[in-house]
Every structure is written in structure tokens, then in C-alpha cells.
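A short worksheet on the structure shown next.
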Amino acid sequence: QVQLVESGGGLVQAGGSLRLSCAASGRTFSSYSMGWFRQAPGKEREFVAAITHSGGSTYYADSVKGRFAISRDNAKNTMFLQMNTLKPEDTAVYYCAARRADIATRGVLYDYWGQGTQVTVSS
């Protein structure tokens, strides 16, 4: 089992940047594919980005491609989401998730979730 804790959210102006972190407990972090999802008020949760257990492959939603970058440091049991050129429509609660299988974009396929961190982008 793995526990996930997100951090790094906050309020930023449009065009600004934030870096989210997801700290994982346990000694098997490197066995998990990881993902970032987000949920805005009144909207369904949506996929943002995912990374394989080794960090060798990544995948992004079209809406964030070229602006966001997912990465991980298996030695520190931590995953990151660098968010640049933020837009008001990026405002949401951001969640990290883990699954002990191949990379996936559907949230229902993930086994473990963090509590989320709020990102608010003002116009």
C-alpha cells in the first residue's frame, strides 16, 4: 500500500508557474505508475499527466501539453508537476494517483489517491 500527499498548490496570476509535489510513503514507489488528475468545481475529474514507474515515458492531456511537465524522483519517493503559462481554466483541485500497472489515463484504473491540493489561477 502507498499513501500520497500533494503539496505546492496556491494562488497565481495567469501566465505564472507552480510546481506541485506528490510525496509517497513506502519502499515500493518505483513499482508504481503515477498520474496527476484535476477537478474543477462542478466538473468531472479529468486526466492531466502520467508517468511510467521508471520515469522513462510520459503522457499528457492535450489541454496541458507543452505547458506542464511531469517527472519523478524514485530515490526520494516523489513525483512532480511543473505547471507553466497557467491559465484561469487550470483552476482546480489537483490530485496525484498511483497504480501498480502500466501507465493509464483513466482515473478508475488507479489504486491510490492523495487528498488533493488547490490551484487557483487569477485572470
Side-chain angles (χ1 to χ4, degrees):
Q1 189 158 352
V2 62
Q3 293 182 326
L4 305 173
V5 179
E6 302 94 337
S7 62
L11 174 64
V12 63
Q13 288 188 331
S17 298
L18 281 175
R19 188 192 197 202
L20 305 184
S21 298
C22 173
S25 65
R27 294 176 289 180
T28 60
F29 177 70
S30 60
S31 300
Y32 290 85
S33 295
M34 301 293 294
W36 286 100
F37 293 78
R38 65 187 183 186
Q39 187 166 21
K43 295 188 177 180
E44 294 187 352
R45 181 180 62 195
E46 65 173 354
F47 168 76
V48 175
I51 189 167
T52 55
H53 69 282
S54 67
S57 294
T58 57
Y59 191 77
Y60 297 93
D62 288 342
S63 59
V64 306
K65 201 172 294 183
R67 299 188 298 121
F68 290 11
I70 188 172
S71 61
R72 66 189 296 165
D73 184 341
N74 285 344
K76 296 183 178 180
N77 283 13
T78 306
M79 176 179 65
F80 305 97
L81 184 68
Q82 178 66 43
M83 306 187 294
N84 299 325
T85 319
L86 283 161
K87 304 176 181 180
E89 51 263 45
D90 294 318
T91 295
V93 177
Y94 283 71
Y95 299 90
C96 66
R99 71 186 301 255
R100 201 170 183 134
D102 292 340
I103 196 170
T105 62
R106 294 175 58 203
V108 294
L109 297 177
Y110 283 77
D111 304 305
Y112 305 104
W113 292 83
Q115 294 298 308
T117 185
Q118 176 71 47
V119 172
T120 303
V121 184
S122 63
S123 57

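Note that these values count all heavy atoms, side chains included, but never hydrogens, waters or copies made by symmetry. Note that the structure is predicted; figures quoted are calculated from it, not measured.
Using bins of under 30°, 30° to 60° and over 60° for the plane-to-plane angle, the ring pair Y32/Y112 lands in the perpendicular bin.
Atom CZ of R72 sits about 7.0 Å away from atom OG of S30, to the nearest 0.5 Å. To the nearest 0.5 Å, atom CZ of residue R99 and atom OG of residue S33 are 6.5 Å apart. Atom OG of residue S54 and atom CG of residue N74 lie 8.0 Å apart, to the nearest 0.5 angstrom. Atoms CZ and OG, on R67 and S17 in that order, are 10.0 Å from each other to the nearest 0.5 Å.
A distance-only check finds no donor-acceptor pair linking the side chain of Q115 to the backbone of V5 [under 3.5 Å]. Put simply, the side chain of E6 gets close to the backbone of G116: a donor and an acceptor are under 3.5 Å apart. A donor-acceptor contact shorter than 3.5 Å links the side chain of T52 to the backbone of S57.
Residues I70 and V119 are members of one and the same hydrophobic cluster, defined by side-chain heavy-atom contacts under 4.5 angstrom among Ile, Leu, Val, Met, Phe, Trp and Tyr. Hydrophobic clustering (side-chain heavy atoms under 4.5 Å, transitive across Ile, Leu, Val, Met, Phe, Trp, Tyr) groups W113 together with I103. In this structure, F37 is not a member of the same hydrophobic cluster as V121, with clusters built from ILVMFWY side-chain heavy atoms closer than 4.5 Å. A continuous path of Ile, Leu, Val, Met, Phe, Trp and Tyr side chains, each step under 4.5 Å between heavy atoms, connects I51 with L20, placing both in one hydrophobic cluster.
Salt-bridge formation is not detected for the pair K87/D90: no Lys NZ or Arg NE/NH1/NH2 atom is positioned less than 4.0 Å from an Asp or Glu carboxylate oxygen.
The shortest heavy-atom contact between Y60 and A49 is CD2-CB, 3.6 Å. Closest approach of A61 and F47 over heavy atoms only: CB-O, 3.4 Å. Between M79 and C96 the shortest heavy-atom distance is CE-CB, 3.5 Å. Counting all heavy atoms, side chain and backbone alike, A14 lies closest to P88 at CB-CD, 4.1 Å. Summarising the geometry of G35 relative to Y110, their closest heavy-atom pair is N-CE2, 3.7 Å, with the distance given to 0.1 Å. Across all their heavy atoms, F29 and D73 have their closest contact at CE2-O, 4.2 Å.
Considering only heavy atoms from C-beta on, Q13 comes within 4.5 Å of S122 through its side chain. In this structure, W36 and F68 have side chains that are not in contact, with every pair of non-hydrogen atoms separated by 4.5 Å or more. Residues M83 and V12 have side chains not in contact (no heavy-atom distance under 4.5 Å, counting atoms from C-beta outward). Within the 4.5 Å cutoff, the side chain of L4 has heavy atoms near those of the M34 side chain.
Y94 and R38 share a donor-acceptor pair across their side chains, judged by distance under 3.5 Å alone.
Within 6.0 Å of atom CG in D111, more than 12 heavy atoms from other residues, nucleotides or ligands are found, so the atom counts as buried in its surroundings. The number of heavy atoms from other shown groups lying within 6.0 Å of NZ (K43) does not exceed 12. Heavy-atom contacts from other residues, nucleotides or ligands closer than 6.0 Å to CD of E89 number more than 12. Summarising the local packing, CD of Q118 is surrounded by more than 12 heavy atoms from other residues, nucleotides or ligands at distances under 6.0 Å.
Exactly one of L18, T91, V64 qualifies for a side chain to side chain contact (heavy atoms under 4.5 Å, CB included) with L86. That residue is L18.
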